[in-house]
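Below is one structure, written out as structure tokens, with a few remarks after it.
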Amino acid sequence: MLISSSSSVNIPLHILFSEIFTRLPVKSLCRFRCVSKSIQSLTLNNNDDPFFLDLHLSRSQTRPRGTTLLIPAIRSGNSYEILSAEVDGGPLTHLYTIPGGYDYHRRTFSFDVNGLLFFSGDSYSNTCPFVCNPTTRQFLKLPPIESGYQVIRYFLGFDPSTRIFKVVNIHIYHESDMMVCRVFTLGGDNSGGSWRTIHPGFPFEGCDWFRNLSKSVCLNGAIHWFLEAKNVIVAFDLKDENFYVIPLPNHGGVVQPRLSETVLIQVNGFLAVICYNYRYFSGKMKMWVLEDYQRHAWINHIIDLTSACSNYQFFRPLGSIPTGEILLLPCGNVSSLVSEVRVLYYDMKNRSFRTIEIIQPPKGICWYVINYFCMTSYTETLFFPRDDQ
Amino acid sequence: MSSSLEKNMLILRSSDGEEFIVPEVVAVMSKAIKNMVEDECASNTIPVPNVDANILAMVIEFCKKHDESEAEAASDLKTFDSEFVNRGQEALYDLITAANFRDVKELLDALCQNVAEMIKGKSVHHIRIQFLGYQLFEILTSNFIWNIWCDRDFD
């Protein structure tokens, strides 16, 4: 043992780190930052130690309160905040205030990508996109791209094989109908912290296909979108920086265009497409799960919520939690004045569901505009791209 | 399987020479002992160096309970675990070392979870009082340990 100790008992060091510190909440680890350089390097410059980070992340997924529900909200006084509630419900509390204030409110909020949240820039106000880890309160702004009134979108992804976060930007120029694709590597490449234009092979001609892409899901080192017009999943490989297409099975996906909605989510590490008719909601939702990613093998599942839907018009799938339960938000017939918001979890294995209640912040001096449709499940991590640009 | 032993019992000898007769199914919850048994290099007595009688008795108690209660309710086992790990820090650290060295995964998990609970949610001030004089606190506050951690080999 290299440490001299006044005590006769010693825990082996690797046990201390890999067995004890990996079981601690991020908040506890961050608290030691001020007393210990060793913990400081663990919580700040942390991409050095993938073993520790991955173990900590996988333990956070099962640890009580390691996973929470995050919801973006605008608070009176024009600050943009992230509120959090426990997975099993309860009061909605303040977690993190986005630095920079009000102008961020029109942004879209990404799913949790390895503990990072991504806020894309706005096409009209030319504000810059940014990533943040709301638990460690680390925040990183990306340089903005001048876009004016053109279509511009950003997506965050993580490639586990290289352990690199990348932001993909797609920009459509109206005048020439040209599509430009750029990549920004977060932490550690030689691009000097700037956007790099790439020339991937696009999966379809023209740029109409791109305009209707769904919210992205990052999995297996690729960013995925559902493309309703073609009824396929479009994927962008983060390592090769190229597009590919995963076809949906026959009769999968769109039921009735214009009346139905198809949502792409991740469940238990698998891609899943959920399709339902929101105008005439029967209580049943069609789901396809991509069981074999390489061979494009899908399995079919029917989510049956008939017994739950008497009070609601329909349910919107928002994602899943680490237990594999699908997060659904009941819509319609809900007054915004209620103090509790109900959320449903659907368990695929047992074909059952449970309801939890999220208690809204008390109406007092400050009020919130809370965007429940952007609710996402979030597992806390120490991940953050190294800031050495 | 070891054929040299009757009724599938093994004898474990602690570092201070005390011997414990343990059913094989219980003893092989330690991966280290399991490997020895499988390689047929376990004679009648298996020495368990670095673990004294006191600690070895505790480890055996834990393994016995876990072996017996396979069919029992998981909540009972949880209660047992939480009571089992509720010990003074000195015993706790000795047990961790033993569980690590003998490779008893369930025990190591339960013990480390307990230490993590002791740290969780506490202020630095409280940690300082609780762990003062113990190596854990020194590590939490030492400056050079990180380098040692980085140098270790990942297998």
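Note that the structure is predicted; figures quoted are calculated from it, not measured. Every chain is numbered from 1 and lettered A, B, ... according to where its sequence line falls, protein lines coming before strand lines.
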Distance in Å, Glu61(B) CD paired with Phe20(B) CZ, rounded so as to fall on 0.5 Å steps: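 So the CD of Glu61(B) and the CZ of Phe20(B) are separated by 11.5 Å.
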Pick from Leu92(B), Ile96(B), Leu111(B), Leu108(B) with the largest number of heavy-atom pairs that fall under 4.5 Å of chain A: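 Among the listed options, the one with the most contacts to chain A is Leu108(B).
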Between Thr67(A) and Thr379(A), a side-chain donor and acceptor under 3.5 Å: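 A pair is found: one side chain offers a donor N or O, the other an acceptor, under 3.5 Å apart.
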Polar contact flag, side-chain donor to acceptor under 3.5 angstrom, Ser320(A)-Tyr345(A):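 No pair is found: no donor N or O on one side chain lies under 3.5 Å from an acceptor on the other.
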Geometric cation-pi criterion Arg23(A) and Phe21(A), 6.0 Å radius, 45° cone: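 Output no; distance or angle outside limits.
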For chain B, the option from Arg63(A), Glu19(A), Arg59(A) that forms the most heavy-atom pairs under 4.5 Å: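 With the most close heavy-atom pairs to chain B, the winner is Glu19(A).
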Chain A contact via Asn114(B) - side chain, backbone, both or neither, heavy atoms under 4.5 Å: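 It is neither, since no heavy atom gets under 4.5 Å.
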